[in-house]
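Worksheet: one structure, shown below.
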Amino acid sequence: MIMRTWRGWTRAEDADAYAAYLMETGHPGYTSTPGNRGVTFTRRDDGDRVEFLLTSLWDSWEAVGAFAGPDPERAVFYPQDDRFLVDRELTVNHYEVFAVGQSTV
């Protein structure tokens, strides 16, 4: 299994609108791709900016490629991202998942 991570930042006043936009565009883009095992969208207030961290899990490199295209190291952007993002990672990080656990409590 492969974990893919990406980060982007908005102005604080745009964070709620960007979160809604991600749910309209990014969430279905990830979850409708065969081989996607899930996606988590998180946010963290940092003064006048808000950081968004997206993590997704994929069955294989082929599944990552089906989502990301021919260069899986490049971030995937949607048409209105420029409207919201004041900074962004242009590349993503990938990690091989070797263990997954759940709390027993």
Query raised in the report: Can you tell me how far CZ of R74 sits from OG1 of T91, rounded to the nearest 0.5 angstrom?
Result: 10.0 Å
Query raised in the report: For the residue pair A63 and G35, what are the closest heavy atoms and their distance?
Result: CB-CA, 3.8 Å
Query raised in the report: Would a hydrophobic clustering, with Ile, Leu, Val, Met, Phe, Trp and Tyr connected at side-chain separations under 4.5 Å, put W9 with Y78?
Result: no
Query raised in the report: Just one of Y18, W6, Y21, F41 clears the ring-ring contact (aromatic ring centres under 6.0 Å, His included) bar with F52, so which one?
Result: Y18
Report task. Could you check E96 against I2 for side-chain contact (heavy atoms from CB on, under 4.5 Å), going step by step and ending with a plain yes or no? Result -> CA-CA 5 Å; E96 298 275 347; I2 311 297; 3.6 Å; yes
**Report entry** CZ-CG distance between R43 and D16, expressed to the nearest 0.5 angstrom
**Finding:** 4.5 Å
Query raised in the report: Do L90 and L54 belong to the same hydrophobic cluster, where Ile, Leu, Val, Met, Phe, Trp and Tyr are linked whenever their side-chain heavy atoms lie under 4.5 Å apart, directly or via other members?
Result: yes
Requested in this report: Might you point out which heavy atoms bring V92 and P72 nearest each other, and give the distance in Å?
Outcome: CG2-O, 3.4 Å
**Report entry** Flag side-chain contact, heavy atom, 4.5 Å: D82 against R88
**Finding:** yes
Query - Inter-residue atom distance T10.OG1 - L85.CG, 0.5 Å rounding - result: 7.5 Å
**Report entry** G38 to N36 - nearest heavy-atom pair and separation
**Finding:** N-OD1, 2.9 Å
Report task. Kindly compute the distance separating CG (D14) from CZ (F84), expressed to the nearest 0.5 Å. Result -> 6.5 Å
Query raised in the report: Taking the side chain from T42 and the backbone from L53, do they hold a donor-acceptor pair closer than 3.5 Å?
Result: yes
Query raised in the report: Quick one: are R7 and N93 in side-chain contact, heavy atoms under 4.5 Å?
Result: no
**Report entry** Closest non-hydrogen atom pair, S32 against P28
**Finding:** OG-O, 2.6 Å
Query raised in the report: Would M3 and V39 show up in the same hydrophobic cluster when neighbours are defined by side-chain heavy atoms closer than 4.5 Å?
Result: no
Report task. Decide yes or no on salt bridge (Lys or Arg N to Asp or Glu O under 4.0 Å) for R49 and D46, but give the supporting numbers first. Result -> CA-CA 5 Å; R49 295 183 354 158; D46 188 19; 5.6 Å; no
Requested in this report: Check for a donor-acceptor pair, side chain of Y30 on one end and backbone N or O of S56 on the other, with a separation under 3.5 Å.
Outcome: no
Query raised in the report: Is the gap between the ring centers of W58 and H94 under 6.0 Å?
Result: no
Query raised in the report: Any side-chain heavy atom of R37 sitting closer than 4.5 Å to one from V100?
Result: no
Query raised in the report: Going hydrophobic residue to hydrophobic residue with side-chain gaps under 4.5 angstrom, can you get from Y95 over to M1?
Result: yes
Query raised in the report: With hydrophobic residues grouped by side-chain heavy-atom distances under 4.5 Å, do F67 and V64 end up in a single group?
Result: yes
